[in-house]
Amino acid sequence: MILSCGEALIDMLPRTSTLGEACFAPYAGGAVFNTAIALGRLGAPSAFFSGVSNDMLGEILADTLTASKVDTRYLARSDRPTTVAFVKLVNGQATYAFYDEGTAGRMLAEADLPDLPAEVSTLFLGGISLVNDPAASTYEALQARECGRRVTMVDPNIRPGFIAGKEAAYRARIGRMLARADIVKLSDEDLHWLEGQGDLTALARAILTRGPKVVFITEGAKGARAVTATQDIFVAARKVAVVDTVGAGDTFNAGVLAALHQAGALTKAGIAALSDASLTEALSLGTRAAAVTVSRAGANPPWANEL
């Protein structure tokens with residue numbers, strides 16, 4: 001089972017009312033939440049861990065997980081409110097305004113960490129849940145506790161506006177978590193934010209020297225690549241009409257993990273010895289699934305039969 005650990009929130013997406021007025025509509029979301037949903041829809045054994053409210057919006061989150069075949073037994077429920085993000089779209093590209101103080105997700109503490117059975121082979125962590133304490137330290141503690149016996153994958157999904165004023169602490173945390181991870185996923189923009197300018201493969205290999213076995217890099221409409229110490233494999237993106245990019249990277253992550261699960265590679269030894277064919281299939285499923293997501297509004301990952 002793949003346990004996605006991180007934020008669950010309500011995206012308020014811009015819409016037009018029946019009267020022609022600009023308005024916002026609520027959709028279940030959050031980067032890590034989206035990955036859990038996409039994994040469930042792709043047929044991988046998916047579970048989700050986060051702080052989720054008992055309020056009306058929290059019920060939307062829990063019901064959305066269940067509808068996409070995601071195991072909800074690890075949710076830490078509380079009476080705190082749900083995180084809300086208002087989304088602005090410009091030419092299909094999303095920017096966010098987050099409302100996160102005192103929420104069920106933000107206030108997640110180490111006392112909320114679940115005991116994990118042997119069936120959980122892999123932890124996926126990332127997103128804005130790694131920015132603000134106490135939740136950020138809680139997720140880092142979970143990775144530190146489990147990384148010796150389970151595969152961990154980290155995608156920081158960096159939002160510079162969300163980390164303003166906290167950059168030093170955030171960079172330090174991400175540095176520690178990437179070093180513990182077996183799999184790292186970064187967009188090309190994230191990679192440059194962390195490592196500076198330069199060749200993508202060379203920058204990725206600098207990260208590999210700190211501990212990970214493979215780095216996946218998404219390059220927007222171009223496609224995606226996988227970099228190991230000896231391999232550099234690129235798969236071009238499918239050409240589609242883009243509605244918006246909400247959830248694209250999250251869906252890519254799910255495609256990668258689902259393909260590695262199907263290949264029986266989600267073990268420490270398996271990740272350390274990925275073949276060209278396994279990496280190519282992971283990139284292919286990731287890019288194909290993401291292409292469906294960007295072709296429709298909001299974070300709406302595909303089901304396996306849509307591929």
Side-chain angles (χ1 to χ4, degrees), residues 1-13 25-77 82-85 87 94 104-105 108 114 116-117 119-129 139 153 155 157 185 240 243-262 266 282 285-307:
M1 180 173 285
I2 301 164
L3 180 63
S4 300
C5 312
E7 74 270 14
L9 53 87
I10 295 296
D11 282 323
M12 300 297 290
L13 298 180
Y27 289 83
V32 182
F33 178 94
N34 293 338
T35 295
I37 292 288
L39 280 165
R41 293 184 181 185
L42 290 174
S46 177
F48 185 62
F49 167 63
S50 185
V52 173
S53 177
N54 291 317
D55 66 12
M56 180 191 307
L57 299 180
E59 289 304 315
I60 292 174
L61 295 171
D63 291 347
T64 302
L65 290 165
T66 299
S68 292
K69 304 185 183 303
V70 180
D71 190 330
T72 60
R73 79 179 90 164
Y74 302 109
L75 297 184
R77 304 300 295 264
T82 298
T83 299
V84 176
V87 182
L108 192 72
L116 301 179
E119 67 179 308
V120 176
S121 68
T122 305
L123 302 185
F124 171 76
L125 307 101
I128 64 168
S129 59
Y139 290 117
M153 176 176 176
D155 173 13
N157 195 20
K185 181 268 182 171
V240 296
V243 175
D244 66 53
T245 61
V246 178
D250 314 327
T251 304
F252 173 84
N253 290 334
V256 165
L257 286 168
L260 295 177
H261 166 73
Q262 292 165 7
L266 285 179
L285 185 54
T287 54
R288 284 187 290 130
V292 175
T293 297
V294 302
S295 71
R296 50 201 191 190
N300 185 9
W303 293 85
N305 61 12
E306 295 183 85
L307 300 178

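Note that the coordinates shown come from a computational prediction; the quantities given were computed from them, not determined experimentally. Position 1 is the first residue of the sequence, and the numbers go up from there.
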Result for side chain to side chain contact (heavy atoms under 4.5 Å, CB included) between Leu57 and one of Thr83, Val52, Ile10 points to Ile10
Side chain proximity check, Phe49 to Leu108, heavy atoms < 4.5 angstrom: yes
Could I get the full list of salt bridge (Lys or Arg N to Asp or Glu O under 4.0 Å) partners for Asp11, not counting sequence neighbours? none
Please report the interatomic distance CZ(Arg41) to CG(Asn305), rounded to the nearest 0.5 Å. 11.0 Å
Residues that Phe33 engages under ring pair (Phe, Tyr, Trp, His ring centres under 6.0 Å), provided they are two or more places apart: Phe48
Shortest non-hydrogen separation from Thr64 to Ala28 and the atoms involved: OG1-CB, 3.7 Å
Nearest heavy-atom contact between Tyr139 and Ser129 is CE1-CB, 3.5 Å
Provide the closest heavy-atom pair for Leu285 versus Gly255 in the form atom of the first, atom of the second, distance. CD2-O, 3.4 Å
Are any of the side-chain heavy atoms of Val32 and Asn157 separated by less than 4.5 Å? no
Heavy-atom nearest pair, Ala47 first then Met1, reads CB-SD, 3.4 Å
By side-chain hydrogen bond (donor to acceptor under 3.5 Å, both in side chains), which residues pair with Asp155, not counting sequence neighbours? Lys185, Asn253
Restricting to pairs with a member in residues 60-77, which pass salt bridge (Lys or Arg N to Asp or Glu O under 4.0 Å), not counting sequence neighbours? Glu59-Arg77, Asp71-Arg73, Arg73-Glu119
Side-chain contact, heavy-atom cut-off 4.5 Å: Leu39 with Ser4? yes
The criterion is side-chain contact (heavy atoms from CB on, under 4.5 Å); which residues satisfy it with Pro302, sequence neighbours excluded? Thr251, Ala289, Val292, Thr293, Arg296, Glu306, Leu307
Residues two or more places apart in sequence or in another chain: which of them pass side-chain contact (heavy atoms from CB on, under 4.5 Å) with Thr122? Ile2, Val151, Leu257, Leu266
Any heavy-atom pair between the side chains of Val120 and Tyr74 that's under 4.5 Å? yes
In Å and rounded to the nearest 0.5 Å, what is the CG to CD distance from Leu42 to Gln262? 8.0 Å
CG of Leu3 to CG of Leu123, rounded to nearest 0.5 Å, is 5.5 Å
Which heavy atom of Ser50 sits nearest to which heavy atom of Ala8, and what is that distance? OG-N, 3.8 Å
Using modelled atom types only, decide if a donor and an acceptor are shared between the side chain of Ser46 and the backbone of Ala36 within a distance under 3.5 Å. yes
If you compare all heavy atoms of Val294 against all heavy atoms of Ala248, which two are closest, and at what distance to 0.1 Å? CG1-CB, 3.4 Å
